[in-house]
Structure formats: structure tokens, C-alpha cells
Amino acid sequence: MINSPSSLSRRDILQRGSLAALASCLPAIASTAPAAVLQSAASQPIGERPSPSDRRFHSEAAEQTITEIRARISDPELARLFTNCFPNTLDTTVTPGTFEGKPDTVVLTGDIAAMWQRDSSAQVWPYLPLAKRDEPLRSLIEGVIRRQVRHILIDPYANAFMADLNAPPLEWSRTDKTEMKPGVGERKYELDSLCYPIRLAHGYWKQTGDTQSFDAQWQKAMQIVVRTMREQQRKESIGPYHFQRFAPSPTETLGEKGYGNPVNPVGLICSGFRPSDDACIFPFLIPSNLLAVTSLRQLAEMSSAILHDSALAQNASSLADEVEAALRQHAIASTPQGTIWAYEIDGFGGQVLMDDANVPSLLALPYLNSSHDTALYARTRAFVWSERNPWFFRGTAGEGIGGPHEGANMIWPMSQTIYALTSNSTTEIRSALRMIKFSSAGTGFIHESYFKNDPKNFTRSWFAWANTLFGELVITLAHTHPELLNA
């Protein structure tokens, strides 16, 4: 990481017990965050929801849901976690507004004063079923879709943007060797950052039936998304994107003059970085390519049904078909236990066999509607949730998947939540709930990661995506396995 003028890096800011770290660095980030955001960060309660007067958004439908679901949970600590976590995005990270007379919503990731395309999509995803009966909530999510369009039109290769699109970038990005544009917070090209806005838009359309956000600007942004994905197939050239950062960790920069390791252009789409914001070893990141197939088909459906744009629909659909065929031909790896999905490949025969906790992951494929071969997924799942996966850890405080972002022996509760969301086994789900509850270490919230033998040794006490995802799990179980909420 690059040290900022205040000698703070991203990892400095997000060290264990990150509220204290964030408080210490507020002067350093003051120039990049709106005053309201800083006030929210400084007053984030420990162990409980903010008081009603301090919440950033009120959703009557969300409050009704909390009351209804909490009444079904007999375990007081599990009930407390759900009550705190499900509304955490709405309580602490959203700033509804307008741009050119239309909804415009900023969604910060939590303890970082920026909006990630991936995180913001995932943070509001669990509220989609409520949006049809809650007009302010529907408008807020419409504003997220419209804000993400603005981001794509600025730079489809950026992963994070500033709340104020005239503000300077995040501190650790200010000396990166890449083409930084106004409003960009960080410019790590991640394929999933192009997929998540499509997933959110499609889910919003299916839940609400509302199409007013899918206007000429959205259409233009989607054309750019498909064009960017085709550029990153690298058939004609290496493409326009490059990124270098002077940092002690190799996961923070791309080799080969900022273009990453070479690939054989077999039809897959390159990604510079993983969903963890760590550099790919091999640029064909398989979970993201599988998600791209799903997202492109969703885009084709919307292009036909809403935009009546047959050219865009055909372009998206043909690209999805090409990527899917290439995945089948090149991305399946042989192991002694049978074939599984590789995590990364280069098209020359190189493969990385692992999984990372961040979503899209191999574990999360069914959650993302990106796993249609159930037997192949089952073998992959068995691999990634075992010590055959180099980033799977088991200790006295639990078991789960981590990743290079926080390093060895650090389990991400997000992986445990996804494990439960993708399981049909009540034994697995019950075990995951117990581990997640234990990992909160009595704080009332879900963390980014924790040491496998000590849940009190954790990173990021304010990570809204992990909180809201856990809320989604509890609501799902209330409908599918209500008995497990009383375990």
C-alpha cells in the first residue's frame, strides 16, 4: 500500500477494532468525505443500532420486517444480531438525493468514505423484496441504479467512486499509475464491478416492475459495459487498462507494466483484480466470468423487454454464449476427487485452485444464480470448504474461507453466511449460524474477518455488506428453515 501524507494506508485505516482506527484518521480523510458521512462515522454506535434520530434512512417496510422476524427468533443474541445487521446499510451508509431531478443515492461501504460498485449493489440487494410496498425505499434503490450509471459513464474500469464526484480520490489511490478521472475513488478493474449493477437492475425490475430508471443513460452505460467486457477478452490487443501502485504487497499492483500476466485469448474476460481488491494471479477469474454469463443474459432480457434494443440484446447474449463455452472448455480442473471449477486460469493451461471469501466466489455460485451444473458445483464446494483450499482455515473459533486480503488464518464471516445460503443441510446451516454468532464477539455486528482461534481479534467493525448479507440469511431461513432460528 502507498502511505498517505498522514502515513496512513488502507490497511492502517482498517486494522482490528477499526472504529478506533477510523476515528484516528478522520482528519486525514476529511477532504474526501461529506460532512454528514464523517459525522455518521464518528458516531457509529458500538453494539447497537444508531438511535432513530441518527439513522440515515427510515424504511417502514424494513422496520416491520425486523419486528416480524425478530419475534420468530428465540435466541436473544441471534435476535440482537439480526436487529442490528439487517438495517445497517440503511441506518449508516446511505445518502439519498437527486441529480437532474431524479433519485441519486450514495451508498458508502461503511468505514471507507467511498462507494464500491459491487458493495453498494450487494448492500441494498436484501431490501428489494420490500421495495414494492415502500415507495421511499423503492426510490432510494432507484437512486443507487442511477448513481451506478453515472459511475460507469465516468469510467467502466473503476471499482470505487467518491460520494462527491468532484472530490479527490481515496488517499491510497492518489499516486497510482493509471488514468484517474474526476470522481473515481480507486481504479482497480474488477469484472464483477460491471456485473453487479446489472444484477441489481434486473432484481429491481423483477421485484418492482418499475422501468423508469432504464432510460437512454442506462442504455448507454450498458453498451459501455458490454464493450468493456469485449475489450477485456483481449482478442485484438491487450486493451486500454493498466494499473500500477508502489506498495509493499504484490496484491496491490499488476505486473507486466500494469497489464497483468499474459493470457491466451480463448474467449473469457480478463479481470485485473478480484472482488477482494487483490490482484489476480491469472487474469481469467472464473467466478467473475460465471457471474458475467448470468449478468449478460439478464441484460439481454432487459434490453429486449424494456429497451426494445435488439442489437444490445444480441451483443450481450452472444458474448454470454461465448464465455460459457470457453468456461466449459478451459476452466474445469481435474483433482483426485473429481473435476471442479478452477479459481483463475490463463488460457495456456495455468490454473489456480483455491477460493476467496469475497463474492463472487466459487462457493457463492448458486447464490448468484451462476451454477447450473449441480454435480460440478458440489465437488467444487467440497474442495473450497476444506483444507485442500489454501485459503480455508479451521481453528478453535470456527472454520471458513479467508483470502490474501487479510492473510493466513483470518476467517471471513461472509464465507460462513454464503455457506449457509448455499446449503440444503440443516446441520451445515445450524453450524454456520453458531460460528457467525460466535464471530461477532459480543459486538452485535458482523466483521470482515477474525483470527481462527480468537473472534475478538477481528478486522473492520463497520462493514455494512457483511451485516446486511447476514440479515438476508436470517430472513431466508425464516421462510425455509424457521426451526433453525430457535437453535
**Study point:** salt_bridge(R460, E406) N-O dist < 4.0 Å
**Key:** no
Check your understanding: Do any pairs count as a ring pair (Phe, Tyr, Trp, His ring centres under 6.0 Å) and have a residue in residues 327-376, sequence neighbours left out, and if so which ones?
Key -> none
**Study point:** Heavy-atom side-chain proximity of T476 to E472 below 4.5 angstrom
**Key:** yes
Point to revise | Steps toward ring pair (Phe, Tyr, Trp, His ring centres under 6.0 Å) verdict (W385, Y419) | key: CA-CA 9 Å; W385 200 266; Y419 186 64; 3.9 Å; yes
Review point. For the residue pair L477 and L433, what are the closest heavy atoms and their distance?
Key: CD1-CD1, 3.8 Å
Check your understanding: Looking at residues at least two apart in the chain, or sitting in another chain, which of them share a ring pair (Phe, Tyr, Trp, His ring centres under 6.0 Å) with F470?
Key -> none
Review point. Do the side chain of T253 and the main chain of R245 share a donor and acceptor less than 3.5 angstrom apart?
Key: yes
Exercise for review: Could you verify whether a donor N or O on one side chain and an acceptor N or O on the other, from T251 and S249, lie under 3.5 Å apart?
Suggested key: yes
**Study point:** Sidechain N-carboxylate O distance under 4.0 Å for R297, D321
**Key:** yes
Point to revise | Salt bridge E60-R133, side-chain N to carboxylate O under 4.0 Å | key: no
**Study point:** N/O donor-acceptor pair under 3.5 Å between K177 side chain and Q244 backbone
**Key:** no
Check your understanding: Do S173 and R187 meet the criterion of a side-chain donor-acceptor pair at a distance under 3.5 Å?
Key -> no
Check your understanding: Which residues pass the salt bridge (charged side-chain N to carboxylate O under 4.0 Å, His left out) test with E428, sequence neighbours left out?
Key -> R381
Point to revise | Atom pair CD1 (I401) and CG (N389), whose distance is rounded to the nearest 0.5 Å | key: 5.5 Å
Point to revise | Rounded distance [0.5 Å steps], CZ in R56 versus OG1 in T92 | key: 8.0 Å
Review point. Side chains of R118 and N358: do they bring a donor and an acceptor to under 3.5 Å?
Key: no
Check your understanding: Taking only residues two or more places apart in sequence, or in another chain, which ones meet F243 in a ring pair (Phe, Tyr, Trp, His ring centres under 6.0 Å)?
Key -> F273
Check your understanding: So, D346 side chain and G349 main chain: donor-acceptor pair closer than 3.5 Å or not?
Key -> yes
Point to revise | Side chains of E252 and D278 in contact at under 4.5 Å (non-hydrogen atoms) | key: yes
Exercise for review: Could you pull out the closest heavy-atom pair between N159 and K188, with the gap in Å?
Suggested key: OD1-N, 3.0 Å
Review point. Excluding sequence neighbours, so at least two apart, what forms side-chain hydrogen bond (donor to acceptor under 3.5 Å, both in side chains) with Q337?
Key: R388
Review point. Do R150 and Q148 have a side chain donor and acceptor closer than 3.5 Å?
Key: no
Practice item. Would you tell me whether T459 and E448 have side-chain atoms, one donor and one acceptor, within less than 3.5 Å of each other? Key: yes
Exercise for review: Measure across R199 and W125 and return the closest heavy-atom pair with its distance rounded to 0.1 Å.
Suggested key: O-CZ3, 3.2 Å
Check your understanding: Going from OG1 on T228 to CG on L191, what distance comes out if it is rounded to the nearest 0.5 angstrom?
Key -> 10.5 Å
Review point. Which distance, rounded to the nearest 0.5 Å, do you find between the CD1 of I145 and the CG of L140?
Key: 10.5 Å
Point to revise | D215 side chain vs W218 backbone, donor-acceptor pair below 3.5 Å | key: yes
Revision key, fill the gap. Those residues at least two apart in sequence (or on a different chain) that pass side-chain hydrogen bond (donor to acceptor under 3.5 Å, both in side chains) with Q298 are none
Point to revise | T294 side chain vs N369 backbone, donor-acceptor pair below 3.5 Å | key: yes
Point to revise | D355 side chain vs L362 backbone, donor-acceptor pair below 3.5 Å | key: yes
Point to revise | Main-chain N/O of N315 paired to R230 side chain as donor or acceptor, under 3.5 Å | key: yes
Review point. If you take all heavy atoms of V359 and P275, which pair is closest and at what distance?
Key: O-CB, 3.7 Å
Point to revise | Summary of ring pair (Phe, Tyr, Trp, His ring centres under 6.0 Å) pairs that have at least one residue in residues 130-154, sequence neighbours excluded | key: H151-F161
Check your understanding: For R234 and Q232, what are the C-alpha separation, side-chain angles and deciding distance, and is it a side-chain hydrogen bond (donor to acceptor under 3.5 Å, both in side chains)?
Key -> CA-CA 5 Å; R234 300 191 179 178; Q232 288 304 318; 3.1 Å; yes
Exercise for review: Find out whether L319 and E322 are in side-chain contact, i.e. whether some heavy atom of one side chain is under 4.5 Å from a heavy atom of the other.
Suggested key: yes
Review point. What pairs with E135 under side-chain hydrogen bond (donor to acceptor under 3.5 Å, both in side chains), at least two apart in sequence or on another chain?
Key: R138
Check your understanding: Would a 4.5 Å heavy-atom cut-off, applied to side chains only, mark S59 and Y127 as touching?
Key -> no
Point to revise | For N261 against I281, the heavy-atom pair lying closest together | key: ND2-O, 2.7 Å
Point to revise | Under 3.5 Å: donor-acceptor pair, side chain of S361, backbone of A357 | key: no
Review point. Are C270 and V263 side-chain neighbours, meaning at least one heavy-atom pair lies under 4.5 Å?
Key: yes
Check your understanding: Distance only, no hydrogens: is a donor on one side chain within 3.5 Å (strictly under) of an acceptor on the other, for E186 and W172?
Key -> yes
Practice item. With sequence neighbours excluded, tell me which residues meet ring pair (Phe, Tyr, Trp, His ring centres under 6.0 Å) with Y189. Key: Y157, Y241
**Study point:** Crowding at CD, Q212 (>12 non-hydrogen neighbours, <6.0 Å)
**Key:** yes
Point to revise | Within-4.5 Å side-chain heavy-atom neighbours: I66 and P87 | key: yes
**Study point:** Partners meeting side chain to side chain contact (heavy atoms under 4.5 Å, CB included) with A375 (sequence neighbours left out)
**Key:** D373, R379
Review point. Nearest 0.5 Å, what's the CG-CD distance between D192 and Q117?
Key: 10.0 Å
Practice item. Considering non-hydrogen atoms only, spot the tightest contact between A420 and I429 and give its length. Key: O-CG1, 3.8 Å
Review point. Any sub-3.5 Å donor-acceptor pair from S439's side-chain atoms to I436's backbone N or O?
Key: yes
Exercise for review: Would you check if the side chain of T211 reaches a backbone N or O of F214 as a donor-acceptor pair within less than 3.5 Å?
Suggested key: no
Practice item. State whether E344 and R274 are salt-bridged, where the test is any N-O pair (Lys NZ or Arg NE/NH1/NH2 against Asp/Glu carboxylate O) under 4.0 Å. Key: yes
Check your understanding: Is there a side-chain contact between L469 and I418 (heavy atoms, below 4.5 Å)?
Key -> yes
Review point. If you measure from CG on L299 to CE on M222, what distance do you get to the nearest 0.5 Å?
Key: 6.5 Å
Practice item. For D176 and T178, test the side chains for any donor-to-acceptor distance below 3.5 angstrom and give the result as yes or no. Key: no
Check your understanding: Got a sec, which residues hit side-chain hydrogen bond (donor to acceptor under 3.5 Å, both in side chains) with T105, two or more places apart in sequence or on another chain?
Key -> none
Point to revise | Minimum side-chain heavy-atom gap L327-L268 below 4.5 Å | key: yes
Review point. Sequence neighbours excluded, which residues qualify as ring pair (Phe, Tyr, Trp, His ring centres under 6.0 Å) partners of W391?
Key: none
Review point. Are side-chain N/O atoms of T468 and T89 paired as donor and acceptor at under 3.5 Å?
Key: yes
